Structures are given as C-alpha cells and as structure tokens.
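Worksheet: the structure to be examined is printed underneath.
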Number of protein chains: 2
Amino acid sequence: MNNSSRYTVAIHVLTLLAYCGPNPLTSEFISGSVNTNPVVIRRLLASLRAAKLVSSQGGPGGGWQLLKDPKQITLRDVLIAVEGGSIFPLHSSAPNPRCPVGRTIQSLLVGPFQSAQDAMEQDLNRTTIGALVKRAKASSE
Amino acid sequence: MNNSSRYTVAIHVLTLLAYCGPNPLTSEFISGSVNTNPVVIRRLLASLRAAKLVSSQGGPGGGWQLLKDPKQITLRDVLIAVEGGSIFPLHSSAPNPRCPVGRTIQSLLVGPFQSAQDAMEQDLNRTTIGALVKRAKASSE
DNA sequence: GCCAGAGTACTCGGATAATCCATGTCCGAGTGCGTACGG
DNA sequence: CCGTACGCACTCGGACATGGATTATCCGAGTACTCTGGC
C-alpha cells in the first residue's frame, strides 16, 4: 500500500471546492489550505480530472471546479480516482516461479485482496463530499 | 522492491515458512523465493518478530520460524504487523488552521477512515496463512 | 575410546554507499481582461 | 461613440534540481558443528 497522504489531500481539496461554492479555486489558493506546494495540488487534481470529477481552466479567473454534485461524490470515487486499481499491490518483481509458493501466491491473494477492498469500498460509499461539507460548515459556526 | 508491496511479501514469507514445515528458513533462502535481497527479508521479518509472529536464530541451522499455528494467523494480523496503525494516513504536514475546511477536515475523516478500515480488517480476518498453505499445496499437485 | 578445546562455517544484525521516488523550483503556453488607438 | 488590436496579468502544464526514503553492499557478532589433540 502506498502510505501517502494523497487520498486525504484529495478529499480535502474536493471538500474545499464544494465548500467554496461554484467559483473556481486556483491551485495556489488550495495549496494555502492544504499547506503544501501548488504543483502538488495540480498533479493531484490532474488525476481527479482524469476521473471526470473536476475541470481546470487557465487564465485570469481560472482555476479548478467540481464537475459533479458534491452529494454524488463518495469517498470511494475519490479513492479510485487517486489510487487507481488495487489497494494492495502485488510483488513489484515477480516471485520465483520454481518455488511452489512463489508461483502460486499471487493468484491466491487476488481473491482475498479483492474481497477486502470491496468491503472497504462499500463502507466508503456511505460518505459523500457533500456530507463532509455539511459537517465542516456546522463545525465552523 | 517497492515499499507498497511489503504486505504482499509478508504474506508470501509467512506462507513459505508454514509451507516448509517446522524447520527454520534462512533469509537468503526466502529471498530466493521472493526474488529480492536478503536484507529486505530480514527487515520485514524483524517487524513480524516484533508482532510475535516469528522468531530468528543465528548460526548454522538457524533461520526464521513461525511462533504460531498458521491456522491462527489471519491476514489482518499480518497487516497490522507490517503497516502498524492506519491504512489511510492523514496529512503529513498539518493543514491551515485558518481555513474552515483545513482545520476540521482531519477530525471529520477519522470516523469514516476507521470505519472503512474496520470493514476491511473484518474481511481479512476470514483468511488465514494456514488456508493459503493448503491451497498452495493443492495447486502444486 | 572419550572429552576438551580451538577452528570453521553459517546466520543474523547494524553501518555505510547507491538508487529511486516524491517534492519543490523554474520557465513556457494559453487565456481573458483592460486599455489604447483608429474609424 | 464604437470596434478592433495590442499588451499585460494570471493560471495551468511540463522540464529540470533537490531531499528523503528505500534498497543494496559490506563487515562484525554470535552460535553450533567439526576436527584435532590429549588423557
């Protein structure tokens, strides 16, 4: 598993976009909230754009906007957008095929890994960006 | 070897230890099956030893042995041993506390993240190292 | 024949170099607005 | 007064350094077996 905070930051950014309404936000502004570099935000949003969650616009008044209703974006959608495929990557270099365990272990793990990921994604589907925005607004009062 | 495959390699190694019976295996032998460096195996097994899953022995005839019945080791145990705490790390640097989203997002995510991880771990608990060994032996016939 | 001791081979464990990935910095490409000029 | 063309500020996007982390290599510490010499 990639122990990076990409996923958390992605949720943060989408929540911020939804929180600040329909007007576009620049990567520099967003980086001020996340407390990181604008380029990191751009690269992260590029993968979210590939997942059709956001759009980018250049020039003055440009920036990033949501393409979907925040209530329709679940944490599962975000996870898939930033992590791509499986949460549990297999060996980066193939195991030894001459070992009875090495040549079968990957095929044996596909099932349990997929099952565990499905269980997790089903749980993540229960939370939407819209719900996070609602709670954030409630907390800021 | 990518850090992200630590979990898969850990399962591989434990399965191999269980497969090869009670006799200890050296890190060099194990690395031959995983197809990586012996030191990587040692460091990985060090964390499994900290979790009381394996023991190490120096000298001739030494190596690594399981400390528990393979049927009693679940994939969840392995995950906790190698990943430690949470699957979804929060921001590496704290978000901007002056932003209403930044100062609340982390506390808002703790719940959903914990819930999703619980769901995943519950699913991982269904598979044991013993079951993997059984399937590996069945496949090699 | 039996025991003690040294020697040797084997394994883990830690320290140090090399490599890889993520992050940060810089500059170019494109866009939209404002302004100035000409009709 | 109106329309057009130019210039400028702003933003994203990609190319090139930089830093930290992971990995690989090397050497030392400890252990068990084996061989040898003495009793």
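All chains are named by letter (A, B, ...) in the order of the sequence lines, taking the proteins before the strands, and each is independently numbered beginning at 1. Just so we're clear, the structure is a prediction, and the values are computed from it rather than from any experiment.
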| How about B:Tyr7 and B:Leu75: do any of their side-chain heavy atoms sit closer than 4.5 Å? | yes

| request: Could you name each residue pair satisfying salt bridge (charged side-chain N to carboxylate O under 4.0 Å, His left out) that touches residues 119-132 of chain A, not counting sequence neighbours? | output: A:Arg76-A:Glu121, A:Asp123-A:Arg126

| note | Separation between OG (B:Ser31) and CG (B:Leu44), nearest 0.5 Å, reads 12.0 Å

| said: I need the B:Ile41 CD1 to B:Leu16 CG distance, nearest 0.5 Å. | reply: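 The CG atom of B:Leu16 is 9.0 Å from CD1 of B:Ile41, to the nearest 0.5 Å.
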
Measure from [atom1] on [X] to [atom2] on [N] and round the result to the nearest Å.
X	N	atom1	atom2	value
B:Arg6	D:dT23	CZ	P	8 Å
B:Ile41	C:dG13	CD1	P	13 Å
A:Leu25	D:dT11	CG	C1'	13 Å
B:Glu28	C:dA9	CD	P	16 Å

Tabulated below should be each protein N or O lying under 3.5 Å from an N or O of nucleotides 24-27 of chain C; please produce it.
residue : atom : partner : partner atom : Å
C:dG24  : OP2  : A:Thr36 : OG1          : 3.4
C:dG24  : N7   : A:Arg43 : NH2          : 3.3
C:dT25  : OP2  : A:Asn37 : ND2          : 3.0

| request: Give, ordered by number, those residues of residues 90-99 of chain B having at least one heavy-atom distance below 4.0 Å to an atom of DNA chain D; if nothing qualifies, reply none. | output: none

| message | Which residues in residues 44-68 of chain A have a heavy atom closer than 4.0 Å to any atom of DNA chain D? | response | A:Arg49, A:Ser56, A:Gln57, A:Gly59, A:Pro60, A:Gly63, A:Trp64

| said: Hydrogens and angles aside, do A:Thr74 and A:Asn125 bring a side-chain donor and acceptor to less than 3.5 Å of each other? | reply: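 Present: a donor and an acceptor within the cut-off.
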
| query | Do B:Gln114 and B:Asp118 meet the criterion of a side-chain donor-acceptor pair at a distance under 3.5 Å? | reply | yes

Please tabulate, for side-chain N and O atoms in residues 51-59 of chain B, each donor-acceptor pair with protein atoms closer than 3.5 Å (sequence neighbours left out).
residue : atom : partner : partner atom : Å
B:Ser56 : OG   : B:Arg49 : NH1          : 2.8

Name each donor-acceptor pair under 3.5 Å that joins a side chain in residues 97-107 of chain B to protein atoms two or more places apart or in another chain, with its distance.
residue  : atom : partner  : partner atom : Å
B:Arg103 : NH1  : B:Pro97  : O            : 3.2
B:Thr104 : OG1  : B:Pro100 : O            : 2.9
B:Thr104 : OG1  : B:Val101 : O            : 3.3
B:Gln106 : NE2  : B:His91  : ND1          : 3.1
B:Ser107 : OG   : B:Thr104 : O            : 2.8

| message | Donor-acceptor check, side chain of B:Thr8 to backbone of A:Pro89, threshold 3.5 angstrom: yes or no? | response |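 A pair under 3.5 Å: yes.
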
| message | Let me check something: do B:Phe88 and B:Leu90 share a hydrophobic cluster, defined by ILVMFWY side-chain heavy atoms less than 4.5 Å apart, either directly or through other members? | response | yes

